[in-house]
Amino acid sequence: MSFPSNYPNSPPLVRFTSEMWHPNVYPDGRVCISILYAPEDDPNGDELASERWTPVHTV
């Protein structure tokens with residue numbers, strides 16, 4: 001995990017460093033889960049802002 005300088009206002013980056021297969025892990029190790037996207041980021045175009053990161057979430 002790595003934390004941006006403006007954490008907790010922005011979500012941490014979560015990435016697996018070892019090779020693995022999981023439906024919610026991209027080939028480069030990034031975790032695909034809506035809670036790890038900032039409200040203004042919508043890489044999939046199908047998630048509500050309420051399903052994404054807010055500063056009240058904790059690790």
Side-chain angles (χ1 to χ4, degrees):
M1 296 180 82
S2 61
F3 296 87
S5 60
N6 64 342
Y7 177 85
N9 294 318
S10 292
L13 173 66
V14 179
R15 180 176 288 196
F16 286 92
T17 56
S18 58
E19 191 173 323
M20 64 174 298
W21 186 91
H22 187 278
N24 289 79
V25 177
Y26 292 114
D28 67 357
R30 290 178 299 126
V31 177
C32 175
I33 185 169
S34 60
I35 200 170
L36 293 177
Y37 296 123
E40 62 273 359
D41 296 337
D42 190 2
N44 301 315
D46 59 354
E47 298 167 337
L48 300 172
S50 62
E51 297 173 322
R52 294 186 291 250
W53 182 263
T54 67
V56 299
H57 292 122
T58 62
V59 176

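Computed from heavy atoms alone, side chains included, the values below leave out hydrogens, waters and symmetry copies. Because the structure is a prediction, the values reported are computed rather than measured.
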**Prompt:** Of all residues at least two apart in sequence or in a different chain, which pass the side chain to side chain donor-acceptor pair (under 3.5 Å) check with Asp28?
**Reply:** Arg30

**Counterpart residues, ring pair (Phe, Tyr, Trp, His ring centres under 6.0 Å), relative to Phe16 (two or more places apart)** = none

**Message:** Leu36: which residues meet the side chain to side chain contact (heavy atoms under 4.5 Å, CB included) condition with it, sequence neighbours left out?
**Reply:** Pro12, Val14, Val31, Ile33

Do any side-chain atoms of residues 1-9 form donor-acceptor pairs under 3.5 angstrom with protein atoms, and if so which ones, sequence neighbours left out?
residue: Asn6; atom: OD1; partner: Ser10; partner atom: OG; Å: 3.2
residue: Asn6; atom: ND2; partner: Ser10; partner atom: OG; Å: 2.8

**Same cluster (ILVMFWY, side-chain, under 4.5 Å), Ile35 and Val25** = yes

